[in-house]
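Positions are given from 1 along the sequence.
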Amino acid sequence: MGWLFVFLLPVSLLRSATDPVDPAVRIRRLEHKLMAPCCYQTTLDEHHSDAANEMKAEIAAWVAEGKSDREIIETYKVRYGSRILAEPEGATGAWLRVIPVIALLAGLCAVVLLIRRWRQPPPA
């Protein structure tokens, strides 16, 4: 029975990757990726200023026109700069994902070394 699960999981993942995404889901995802340009403190999906509402309406119109997510994000990057992105792209974004993992591993190593030192008998 386990082999069936192993076979069907990749098939279902491939199928979901090729299924068209609901426009409302795309709009929500885009709103979550962009910061509100009036204060740059919250994403569009959480902000309710006039500027944020205008951007939300623009995004909905562009999704209805058939623009891709990449085109929409690039348009806002040109208009507002890379500060508009909620999460940095490229090397900066990669470092933001890697550094916490490295810090966690370093902390765990330090704790293990400290516990080993405490458990050793004192020298005679």
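- Here the NZ-CZ distance, from K77 to R83, works out to 16.0 Å after rounding to the nearest 0.5 Å.
- Side chains of Y40 and I84 form a contact here, defined as non-hydrogen atoms less than 4.5 Å apart.
- Sparse packing is recorded around CZ of R119, with 12 or fewer heavy atoms of other residues, nucleotides or ligands lying under 6.0 Å away.
- Environment of CZ in R28: sparse, with no more than 12 heavy atoms of neighbouring residues, nucleotides or ligands closer than 6.0 Å.
- Remark: E74 does not engage R79 in a salt bridge, criterion side-chain N to carboxylate O under 4.0 Å.
- Taking all atoms of both residues into account, the shortest heavy-atom contact from V63 to P23 is CG1-CB, 4.0 Å.
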Using the side-chain contact (heavy atoms from CB on, under 4.5 Å) rule, take N53 and L44 through it: C-alpha gap first, then chi angles, then the decisive distance, then the call. CA-CA 8 Å; N53 290 335; L44 285 176; over 6 Å; no
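- Within the 4.5 Å cutoff, no side-chain heavy atoms of E31 are placed close to those of T43.
- Contact annotation: the side chain of H47 approaches that of C38 to within less than 4.5 Å [non-hydrogen atoms, C-beta and beyond].
- A heavy-atom distance below 4.5 Å is not found between the side chains of M35 and L85.
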Check the pair D45 / K56 against side-chain contact (heavy atoms from CB on, under 4.5 Å), numbers first and verdict last. CA-CA 8 Å; D45 60 341; K56 290 176 188 181; 5.7 Å; no
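- W62 places none of its side-chain heavy atoms less than 4.5 Å from the side chain of L30.
- To the nearest 0.5 angstrom, M55 atom CE is 5.5 Å from Y80 atom OH.
- Taken to the nearest 0.5 Å, the CD1 atom of I59 stands 5.0 Å off from the CG atom of L34.
- For the atom pair NE2 (H32) and OG1 (T42), the distance works out to 11.5 Å, reported to the nearest 0.5 Å.
- Remark: L113 CG to L108 CG distance equals 11.0 Å, nearest 0.5 Å.
- A distance-only check finds a donor-acceptor pair linking the side chain of E71 to the backbone of S68 [under 3.5 Å].
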